[in-house]
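Along the sequence shown, the residues carry numbers beginning at 1. Since this is a predicted model, take the numbers as computed values, not measurements.
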Amino acid sequence: MENRTDKILLAVFLLSLPVHAAIAYTYITYDFGQSTPSYFEIWFARRFLFWMSLGFHAVPAFCFQLLLCRRKRRWVAAIPALVIVGAVLLFAYGFFTAIGYDTLGWALLMILSIAPAAGCALAWAVYGFHQLYKRGDIRG
């Protein structure tokens, strides 16, 4: 890779994957009753870890999709977005066709796959605006 931005995107992608895994693991396994913190500390820690584990995986998806958009100018760049959108559609279908408690599992999978889809969509938008700016169509 000759471009510094591509190296930064790759580094952020590779570093954000274990960070997300650590956040999710901490949220799942953390014992909030192990010490005597205040109610606000428990409330804040639970909410912070919940939202970070729910939405932080948009960061690696964004970096990976933008890196593919910058490096591959063909249909290859659309593969991650298509796979994630296909997963969201599959989980939505499972959610609407399941009966009983199965809907909870499908809903959880659908919610967890929305953040990477949003990261991919944001990467495509950033890449599109960059291309328009580079051509001179949106200079102010």
Side-chain angles (χ1 to χ4, degrees):
M1 284 186 205
E2 67 274 354
N3 196 343
R4 184 175 153 207
T5 305
D6 293 342
K7 291 178 184 177
I8 292 171
L9 282 171
L10 183 62
V12 170
F13 169 69
L14 292 175
L15 291 175
S16 63
L17 284 176
V19 168
H20 171 65
I23 289 171
Y25 178 76
T26 303
Y27 177 71
I28 292 170
T29 62
Y30 188 72
D31 182 19
F32 289 99
Q34 66 187 356
S35 62
T36 57
S38 68
Y39 176 75
F40 176 74
E41 291 172 340
I42 292 174
W43 179 84
F44 180 75
R46 284 185 179 167
R47 297 307 178 271
F48 177 75
L49 287 173
F50 172 72
W51 287 110
M52 288 297 287
S53 64
L54 190 63
F56 187 75
H57 52 287
V59 174
F62 171 79
C63 292
F64 184 67
Q65 183 65 56
L66 189 58
L67 183 64
L68 280 179
C69 287
R70 290 173 52 87
R71 300 300 294 170
K72 304 289 183 189
R73 304 268 164 96
R74 289 178 234 112
W75 59 272
V76 175
I79 290 176
L82 292 175
V83 168
I84 292 171
V85 168
V88 170
L89 293 175
L90 176 72
F91 298 150
Y93 175 76
F95 174 73
F96 287 116
T97 58
I99 298 172
Y101 286 115
D102 291 342
T103 57
L104 183 62
W106 286 110
L108 181 63
L109 289 173
M110 187 172 57
I111 289 170
L112 287 175
S113 61
I114 288 173
C120 288
L122 184 61
W124 278 100
V126 166
Y127 181 72
F129 282 127
H130 175 69
Q131 292 300 318
L132 287 175
Y133 183 78
K134 197 164 68 171
R135 279 194 329 206
D137 292 342
I138 57 171
R139 295 195 186 199

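At a threshold of 4.5 Å between side-chain heavy atoms, the hydrophobic network of Ile, Leu, Val, Met, Phe, Trp and Tyr places Met52 and Val19 in one connected group. In the hydrophobic cluster analysis, where Ile, Leu, Val, Met, Phe, Trp and Tyr join through side-chain heavy atoms closer than 4.5 angstrom, Ile23 is grouped apart from Tyr25. Hydrophobic clustering, with ILVMFWY side chains joined whenever heavy atoms are under 4.5 angstrom apart, groups Leu67 together with Leu17. Taking hydrophobic clusters as Ile, Leu, Val, Met, Phe, Trp and Tyr residues chained together by side-chain heavy-atom distances below 4.5 Å, Leu104 does not share a cluster with Ile111. Val88 and Leu108 are not part of a single hydrophobic cluster, where members link through side-chain heavy atoms under 4.5 Å apart.
Rounding to the nearest 0.5 Å places OH of Tyr127 at 11.0 Å from CG of Leu68. From Leu90, atom CG reaches atom CZ of Phe95 across 14.0 Å, with rounding to the nearest 0.5 Å. For the atom pair CG of Leu89 and OG of Ser113, the computed distance is 9.0 Å after rounding to the nearest 0.5 Å. Within the model, atoms OH of Tyr93 and CH2 of Trp106 stand 10.0 Å from one another, a figure rounded to the nearest 0.5 Å. Ile84 contributes atom CD1, which lies 7.5 Å from atom CD of Gln65 (distance to the nearest 0.5 angstrom). In this structure, Cys63 SG and Asp6 CG are separated by 11.5 Å, a value rounded to the nearest 0.5 Å.
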- Task: Take Leu14 and Leu10, measure what side chain to side chain contact (heavy atoms under 4.5 Å, CB included) needs, and give me the verdict at the end.
- Result: CA-CA 6 Å; Leu14 292 175; Leu10 183 62; 4.1 Å; yes
- Query: Where do Leu112 and His57 land on the side chain to side chain contact (heavy atoms under 4.5 Å, CB included) test, with the steps shown first?
  - Reply: CA-CA 9 Å; Leu112 287 175; His57 52 287; 4.3 Å; yes
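Val12 has its side chain within reach of Ile8: a pair of non-hydrogen atoms, C-beta onward, lies under 4.5 Å apart.
Between Arg70 and Leu9, the shortest heavy-atom distance links the atoms CD-CD1, 3.8 Å. The nearest pair of heavy atoms linking Val126 to Phe62 is CG2-CE1, 4.1 Å. Between Pro60 and Phe13, the closest heavy-atom pair is O-CD1, 3.2 Å. The minimum heavy-atom distance linking Pro80 with Ala77 is given by the pair CD-O, 3.6 Å. Closest approach of Gly100 and Thr103 over heavy atoms only: O-OG1, 2.9 Å.
Ring-plane geometry between His20 and Phe56 is classed as parallel, the angle between the planes falling under 30 degrees on a 0 to 90 degree scale with a further cut at 60.
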